[in-house]
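Contents: one structure, followed by commentary.
Just so it is clear: chains get the letters A, B, ... in the order the sequence lines come, proteins before strands, and each one is counted from 1.
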Amino acid sequence: MNRDKSKQGISILVVVLCVAILAVAGGFAVYKMKKNTTTSMVPQETPATSMATTTETPQASPTAAAMTATTGNTDADLDKDSADVSTKLNGLSTDSTSIDQGLNDQQGNLSEN
Amino acid sequence: MNNKKILTFTAQSVITLTIFSGVTALSLPVYAQSPTVSVTPGAQSALRSQAVIGRLKGRADAEISRRIDALNGILNKINAMKRLTVDQKTTFTNGIQSQISSLTSLKTKIDVDNDLTTLRTDVQSIVKSYRIFALYIPQVNIMSNADRALAIINEMTTISTKLQARIDAAKLAGNDTTAMQSLMTDRASKLADATTQAQNALNTVVPLTPDGYPGNKTTLLSARTMLQTVRSDLKAAESDATQIRQDLRSMKKTMATPTVTPTP
């Protein structure tokens, strides 16, 4: 009787241990996978951030346009200058819509009815 | 059984209350608009006045807020401009600030107006002051657009210098640069015209004052046309630069090909 009880106890212990091992292994695997995902995502995020910075900079100070031309005259410098100018020209066109809006403005309804 | 009765009673009460409150809510605006139920003629007229006062106040507040927001927007544009003198900036800023203060005071007054005649007079002053707003908004936007255009022209002139240096170097290396030089001439002429037009747009609108509105609207329209020319000039000049850069690149490739530069 006692033997049976101890056998039962041992088998329960074995089952519990197996579950614990599986849990630890599973946790480790998940941790590893997450770590890999994070490291592989980093380089993807970096260019996106730097692109946002470079495209926003000229818009932030549109009046300081003369300051933004690059100093060199290599193909790469000229390409960058051209991209900057294109962005500013687009901004100028967008800005011009506010002139039309101002010229076409109508007084709000101030009638009594 | 008792519980069932209580539940039935509660449900009936809730339904009755809901229907009653719905009917009351629906009938309220009707009552406000047509107080013919049991109101004396004097009270009826007072109610009408109150309704007109409410409507006028709402419309006046909305118009004043719209103008104040727009005027604050152009104040920021004036501060960002590089080609206005300090005196010109001060004149515009003071004029706009004064208009904002005047509208703010008017709004405060209108909010406490309880007499329809006084309110009508106050609302009339919003109508009369419209010409100030109607001039400032397009005027400052034109000045700001011209200012931005002139800054871009400066940058494009710097780029022209670099392009010219590259063309000169290509010519020294024995390349035919005639086409590129012709594009440079066109670019220079477009930039010169854009400068003149932008400067003229700026010069013509700066002296305009609200007293001259709406007579001076034609000047604003003419300045707008000048700025349209500026933008089209700048696009053409940029297109020239793109073509020059492509030509320079293809020249480089030809020069790099061994067959073009055979050894003696």
Problem set entry | Residue, of A:Asp77, A:Thr74, A:Asp100, that accumulates the most heavy atom pairs under 4.5 Å with chain B | A:Asp100
Problem set entry | Atom pair OG (A:Ser98) and CD1 (B:Ile74), whose distance is rounded to the nearest 0.5 Å | 10.5 Å
Problem set entry | Donor on one side chain, acceptor on other, A:Ser111 and B:Arg59, under 3.5 Å | yes
Exercise. Below 4.5 Å, heavy atoms only, C-beta onward: do B:Arg166 and A:Asp75 meet side chain to side chain?
Worked result: yes
Exercise. Does a salt bridge link B:Arg67 with A:Asp105, judged by any charged N lying under 4.0 Å from a carboxylate O?
Worked result: no
Exercise. Residues of residues 139-146 of chain B under 4.5 Å from chain A (heavy atom pairs)?
Worked result: B:Asn141, B:Ile142, B:Ser144, B:Asn145
Exercise. So, do A:Gln101 and B:Pro138 sit near enough that their side-chain heavy atoms are less than 4.5 Å apart?
Worked result: no
For this session: Decide yes or no for B:Arg120 and A:Glu112: does some side-chain heavy atom of the first lie under 4.5 Å from some side-chain heavy atom of the second?
Result: yes
For this session: Please check if atom NZ in B:Lys171 has more than 12 non-hydrogen atoms from other residues, nucleotides or ligands closer than 6.0 Å.
Result: no
For this session: Find out whether B:Lys162 and A:Thr71 are in side-chain contact, i.e. whether some heavy atom of one side chain is under 4.5 Å from a heavy atom of the other.
Result: no
For this session: Considering non-hydrogen atoms only, spot the tightest contact between A:Ser86 and B:Glu238 and give its length.
Result: OG-OE2, 4.1 Å
Problem set entry | Distance (rounded to the nearest 0.5 Å) between A:Leu92 CG and B:Ile152 CD1 | 4.5 Å
Problem set entry | Pairwise distance CG(A:Leu110) to CG(B:Asp122) - rounded to 0.5 angstrom | 12.0 Å
For this session: Check whether B:Ala241 gets within reach of chain A through its side chain, its backbone, both or neither, counting any heavy atom under 4.5 Å.
Result: neither
Problem set entry | B:Arg245 with A:Asp81: basic N within carboxylate O range, under 4.0 Å | no
Exercise. Passes side chain to side chain contact (heavy atoms under 4.5 Å, CB included), B:Arg249 versus A:Asp79? Steps please.
Worked result: CA-CA 11 Å; B:Arg249 272 214 169 90; A:Asp79 286 348; 2.5 Å; yes
For this session: Evaluate salt bridge (Lys or Arg N to Asp or Glu O under 4.0 Å) for B:Arg231 paired with A:Asp95, printing each intermediate quantity in order.
Result: CA-CA 11 Å; B:Arg231 287 194 296 278; A:Asp95 185 51; over 6 Å; no
Exercise. Do we see a donor-acceptor contact under 3.5 Å between the side chains of B:Arg131 and A:Gln107?
Worked result: no
Problem set entry | A:Gln106 versus chain B, the contacting section by heavy-atom distance below 4.5 Å | backbone
Problem set entry | Separation of A:Asn73 CG from B:Thr158 OG1 (nearest 0.5 Å) | 12.5 Å
Problem set entry | B:Ala149 backbone acceptor or donor facing A:Lys88 side chain under 3.5 Å | no
Exercise. After noting the C-alpha distance and the side-chain angles of B:Lys235 and A:Ser93, does the key distance pass the side chain to side chain contact (heavy atoms under 4.5 Å, CB included) rule?
Worked result: CA-CA 11 Å; B:Lys235 275 182 186 158; A:Ser93 295; 3.7 Å; yes
Exercise. Between B:Lys57 and chain A, which part of the residue has a heavy atom less than 4.5 Å away: side chain, backbone, both or neither?
Worked result: neither
Exercise. Side chain, backbone, both or neither: which part of B:Leu227 has a non-hydrogen atom closer than 4.5 Å to chain A?
Worked result: side chain
Exercise. Measuring heavy-atom distances to chain A, does B:Tyr136 have an atom under 4.5 Å in its side chain, in its backbone, in both, or in neither?
Worked result: neither
Problem set entry | Beyond-backbone contact of B:Arg148 with A:Leu89, side-chain heavy atoms, under 4.5 angstrom | no
For this session: Please assess A:Ser96 against B:Gln228 for the test side chain to side chain contact (heavy atoms under 4.5 Å, CB included), listing each intermediate value before the final yes or no.
Result: CA-CA 9 Å; A:Ser96 70; B:Gln228 282 166 350; over 6 Å; no
Exercise. Given a strict heavy-atom distance threshold of 4.5 Å, which part of B:Leu119 is in contact with chain A: side chain, backbone, both, or neither?
Worked result: neither
Exercise. Measuring heavy-atom distances to chain B, does A:Thr94 have an atom under 4.5 Å in its side chain, in its backbone, in both, or in neither?
Worked result: neither
Seminar exercise, completed: Most heavy-atom pairs under 4.5 Å with chain A, out of B:Ile137, B:Leu220, B:Val127, belong to B:Val127
